[in-house]
Amino acid sequence: MAKKPPQELTLAAGNGLVDRRSFLGRAGGVASALGLATLGMSSAQAEQLKVQDWTKTPGLGFTPYGQPSKYENGVARGPIIEPNAMYKTGPGSIRSPLQFLEGMITPNGLHFERSHNGIPDINPDEHRLLIHGLVKRPQVFTLEALSRYPMTSRISFVECAGNSGALYAKTAAEGTAQTLHGLLSCAEWTGVSLALILDEAGIHPKAKWLLAEGADPASMSRSVPLAKALDDVMIALYQNGERIRPSNGYPMRLLVPGFQGNMNVKWLHRIKLTEGPTMTRDETSRYSLLLKDGKVAQFKFPLDAKSVITRPSPGLTMKAPGLYEISGLAWSGNGTITRVDVSADGGKTFAPAALSGPVLPKAVTRFRIPWKWDGGPAMLQARAVDDTGYVQPTRDALVAERGLNPAYHNNAITNWSIAADGVIKHAYA
Ligand SMILES: Nc1nc2c(c(=O)[nH]1)N[C@H]1C(S)=C(S)[C@@H](COP(=O)(O)O)O[C@H]1N2
Ligand SMILES: [Mo]
């Protein structure tokens, strides 16, 4: 039977962006038609495929708690940022290696960490959660008592409001997806709905807000509107199937889907229902937006739609011209991602990427689009759209509206510039 000649790829936008349907729908497989980076060989060579040592000797035994392959050592959180390390180590942050991860779930050992005074060593048997303030029946929960309530699960991202703050800098900061955008992770959280617990405590009609406080040595606390608390907030006990890691709030944390990471109070030990916001340190001196006119915008809680291309991205190399898959993450604290457009020519033309399911509200969505790199300079961008109709802004548009004063909520489009030698850098478009 005569082989069909390979179909031409249909281009969907400038500088080699391939129509994802023309790519996925190809007869005869994409790899053979396009000469992807497989090692071609004759059948005689195939017969001689070397039997490696690891096949000749019996393998290793079992371990109680598994670790990744030693060849994956480079896939690690970093850098450790401890601004006050001359006084104390612990307060600071460490970021997720987004450029090395795939799919939508962040493995627990790679979830980013941000703590204001280090990780408390909490004995779960001694830990208590107090519900008080404007409630009819104040309650104290042990972890064991809380664990007997019906549980729910949801996949949700946590993003620090300070993530991507470097994009407020006047000139483009050097960095990777990890160092620029790695204060973002996504996990499956399981726990007890806060609405259920508050219902049992009996909400006083005057209550409109709550204060959530952690048992860490920062006693970090934030005010959350009661309407949000009754909508989708959870007291999370599990993270990707196992108990929450100490660094992420063991034995319980507040999960406030789509809102500033800071509001997801870890090591949760107190919820007080109040009439108004408590005006804590972290909602007055921080996590608010210093605007152009010197005024401060307070209580901007949801994280607006955003995206980042994780592959190709700085630190990864492009060895030769040819076909690549552009892959990345998009998310919105206001709802569900409906579309991600990708550009390879610095934002002149865009083509829609495929969204890899499941596409869930307030979770990250993986997007993909094939790209034929001709070996010339290129500028990669992704632009997320959510189901409120909101379109992720360019950096110019964001800066025109807000100025360069704010430190938080930077959700501007990121631009990866690729040189002819395949080196990828962060650059402003
Ligand atoms: N009790 C307490 N909760 C806290 C913090 C903290 O320092 N103490 N850090 C907050 C900040 S600023 C962020 S961005 C998120 C980070 O969550 P993670 O460390 O699980 O990624 O937790 C929030 N919850
Ligand atoms: Mo944060």
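Ligands are counted one by one from 1 in listed order, and the atoms in each one are counted from 1 as well.
A salt bridge links Glu242 with Arg245; the closest basic N to acidic carboxylate O contact falls under 4.0 Å. Between Arg311 and Glu325, at least one side-chain N (NZ, or NE/NH1/NH2) sits under 4.0 Å from a carboxylate O, which counts as a salt bridge. Salt bridge status for Arg222 with Glu283: present, with a side-chain N to carboxylate O gap under 4.0 Å.
Backbone and side-chain nitrogen or oxygen atoms of Lys266 are examined, and one is located within less than 3.5 angstrom of a nitrogen or oxygen of ligand 1. Residue Asn117 has no nitrogen or oxygen atom sitting less than 3.5 Å from a nitrogen or oxygen atom of ligand 1, judged on distance alone. Checked by distance only, ligand 1 and Glu159 stay at 3.5 Å or farther apart across all their nitrogen or oxygen atoms. Geometrically, ligand 1 and Phe112 share a nitrogen or oxygen pair separated by less than 3.5 Å. Among the atoms of Asp216, some N or O lies under 3.5 angstrom from an N or O of ligand 1.
At a heavy-atom cutoff of 4.0 Å, ligand 1 is contacted by no atom of Phe157, backbone or side chain. Counting heavy atoms closer than 4.0 Å to ligand 1, residue His111 contributes side-chain atoms (C-beta onward) but none from N, CA, C or O.
By the 4.0 Å heavy-atom criterion, Ala218 is excluded from the residues contacting ligand 1.
Ring orientation note: the planes of Phe299 and Trp209 are tilted relative to one another, at an angle of 30° to 60°.
Taking the ring axis of Phe259 as reference, the NZ or CZ atom of Lys228 stays within 45° of it and closer than 6.0 Å to the ring centre. For the pair Arg395 and Tyr428, the cation-pi criterion (under 6.0 Å, within 45° of the ring axis) is fulfilled.
Comparing Arg253, Arg114, Glu113 by heavy-atom distance to atom 20 (O) of ligand 1, the nearest is Arg253.
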